Undergrad: 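Below is one structure. I have some questions about it.
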There are 2 protein chains.
Amino acid sequence: MTGSNHARAPRLFVTADLGPGAEAAFDEGQAHYLRHVLRLEGGAPLLLFNGRDGEWRATLAHQGKRGAAAHVAAQTRAQIASPDVWLLFAPIKRTPADFIAQKATELGVSALMPVITRRTIVSRVNDVRMKANAIEAAEQCERLDVPACHAAQDLMDVLGGFPADRMLVFADEAGVDDGAAKPLAAALAPHHGQKRWALLIGPEGGFEPAERDAIRALKQAVPVTLGPRILRADTAALAGLALLQANCGDWV
Amino acid sequence: MTGSNHARAPRLFVTADLGPGAEAAFDEGQAHYLRHVLRLEGGAPLLLFNGRDGEWRATLAHQGKRGAAAHVAAQTRAQIASPDVWLLFAPIKRTPADFIAQKATELGVSALMPVITRRTIVSRVNDVRMKANAIEAAEQCERLDVPACHAAQDLMDVLGGFPADRMLVFADEAGVDDGAAKPLAAALAPHHGQKRWALLIGPEGGFEPAERDAIRALKQAVPVTLGPRILRADTAALAGLALLQANCGDWV
């Protein structure tokens, strides 16, 4: 898998506007990476994206001892929107948010939202680091945008303000017993036309009953199962995102 | 996700036969784990499985200074077979086989088969370690068996002896351009009745043309795509397994 990466121009996310003749400044970390890690000469070909203007061919221009910018030439791809899928996940100790941020970005989420639940052991998430991981993954997987990275929020607060027009898929272990939760693919079937999605993955140990009641009370909630084995939270997140994209996203 | 793990009896894979009144010896590593990591007293409740006899309740018996065994009491679950899905993966440097072994076990593969391709950089896989990871994941995810763990084989050898009655799903980047590869879920639709599957994930850099031709020459081959982004090999393996289970495996 993962296509041929041989001799492809480095692909970087920038914040500057991109257009013919534009100059896009790199931040200090990028300048260091281009100069000292990749050891690129001035004039080296690059690909740039900013989440708004598509992807552009550009050439590197070193500036002084530490700076660097790019001269933007021609557009290589027009901007397209990623599917609108949020990942709400309870951060866990053994699986750093780094990993989830990388994989979920590859799998095309539009937003990464850590949620603190009652059984969540980790109480803070390094959002700067989560963003850096999402950017790196976006650069490598050829996305044209970077998912929004939110600070951790309390699950109950998220549920309280949950948008009426967004489906909330959640892995509902307890729903297996009372028959409410269906296999994900089957559960999605009546909703294929929906465009706004969220996948909620609980912590190791699952949701507390009051949390589960609050989730299920939302009319947007879709309780699902992910097979007969007990999945770790990160496996469940990845599997759930793959199934969402394959059924209602951009893998169709 | 991942159910409630609170105060559940430790669950261990053993090689001994399991039946009422049987005594199952633990290996040295397990005995050490039970005694010094979990600090269990003799008589502590355990759950055992061996891939043949289902799951059994048992109690711990320390033996001498280092040994341990279990007295087997009653069956808690009858044996069921895992879906028959092989994962053929090109080992890669950045993603240790550990990770793939763990996640693929959770996702229910029946066999882990490292394959060496022409662009594979890693030429050996630690199969003892792969097996240990598969066992640990099987214990935690409540499987009743452990996937078979094969030594690394050359891709061309695997293809040469590939079983006629097993479908071979492979992520075919090049197939996107000539229209041969379809989205995985759609590609599986005509084959839902099939019971034997394999998922083949190539190395970073993809298959060489001769390899791709050899794969496609098999009538069992099903070329598929996994969306518009470039997935890392491990992400592709996990996503592909999730979709296989959801469409033709035990998540239906």
Side-chain angles (χ1 to χ4, degrees), chain A residues 1-6 80 82-83 89-90 92 99 102-103 105-108 119 137-138 140-143 170-174 176 183-186 200-207 225-243 245-247 249-252, chain B residues 1-6 80 82-83 89-90 92 99 102-103 105-108 119 137-138 140-143 170-174 176 183-186 200-207 225-243 245-247 249-252:
Chain A
M1 192 69 207
T2 72
S4 85
N5 280 294
H6 306 298
I80 47 163
S82 291
F89 65 100
I92 48 176
F99 173 84
Q102 287 164 19
K103 296 299 182 210
T105 300
E106 284 177 67
L107 293 171
R119 291 186 185 148
Q140 293 184 3
C141 77
E142 305 201 358
R143 272 179 75 138
F170 79 109
D172 185 12
E173 301 273 316
V176 177
L184 213 172
L200 168 60
I201 301 292
E204 315 269 336
F207 297 107
T225 62
L226 289 167
R229 288 164 294 278
I230 306 292
L231 303 184
R232 288 195 185 203
D234 55 335
T235 315
L238 271 51
L241 289 175
L243 287 169
Q245 294 292 15
N247 287 281
D250 65 1
W251 294 16
V252 177
Chain B
M1 191 70 206
T2 73
S4 86
N5 280 293
H6 307 296
I80 48 163
S82 291
F89 65 99
I92 47 175
F99 173 85
Q102 288 165 17
K103 296 298 182 208
T105 300
E106 283 177 67
L107 293 171
R119 290 186 186 149
Q140 292 184 5
C141 77
E142 306 201 357
R143 273 179 74 138
F170 79 110
D172 186 11
E173 301 272 318
V176 177
L184 213 172
L200 168 60
I201 300 292
E204 314 269 336
F207 297 108
T225 61
L226 289 167
R229 287 164 295 277
I230 307 293
L231 303 184
R232 289 195 185 203
D234 55 336
T235 315
L238 270 52
L241 289 175
L243 287 170
Q245 294 293 14
N247 286 281
D250 65 1
W251 294 15
V252 177

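The basis for the numbers below is simple: all heavy atoms, side chains too, and nothing from hydrogens, waters or symmetry mates. Small disclaimer: the values here were computed from a predicted structure and weren't measured. Naming convention: chains lettered A, B, ... in sequence-line order (proteins, then strands); numbering from 1 in each chain.
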Undergrad: Does Glu106(A) have any side-chain hydrogen bond (donor to acceptor under 3.5 Å, both in side chains) partners at least two apart in sequence or in another chain, and if so, which?
TA: Thr235(B)

Undergrad: Atom CG of Leu231(B) and atom CD of Gln140(A): how far apart are they, to the nearest 0.5 Å?
TA: 12.0 Å

Undergrad: Does Thr225(B) have any side-chain hydrogen bond (donor to acceptor under 3.5 Å, both in side chains) partners at least two apart in sequence or in another chain, and if so, which?
TA: none

Undergrad: Among Ala246(B), Gly108(B), Ala90(B), Ala185(B), single out the residue with the greatest number of heavy-atom pairs under 4.5 Å to chain A.
TA: Gly108(B)

Undergrad: What's the separation between atom CG in Asn247(A) and atom CG in Leu243(B), rounded to the nearest 0.5 Å?
TA: 7.5 Å

Undergrad: Tell me which of these, Ala239(B), Ala137(B), Ala237(B), has more heavy-atom pairs under 4.5 Å with chain A than the rest.
TA: Ala239(B)

Undergrad: Heavy-atom pairs under 4.5 Å with chain B are the metric here; pick the option from Ala186(A), Ala242(A), Gly227(A) that has the most.
TA: Gly227(A)

Undergrad: Are Asp250(A) and Arg229(B) packed together at the side-chain level, in the sense that at least one heavy-atom pair is separated by less than 4.5 angstrom?
TA: yes

Undergrad: Leu107(A) versus chain B, heavy atoms under 4.5 Å apart: side chain, backbone, both or neither?
TA: both

Undergrad: Is Leu238(A) in contact with chain B via its backbone, its side chain, both, or neither, using a 4.5 Å heavy-atom distance?
TA: side chain

Undergrad: Among Gly249(B), Ser82(B), Pro228(B), Gly240(B), single out the residue with the greatest number of heavy-atom pairs under 4.5 Å to chain A.
TA: Pro228(B)

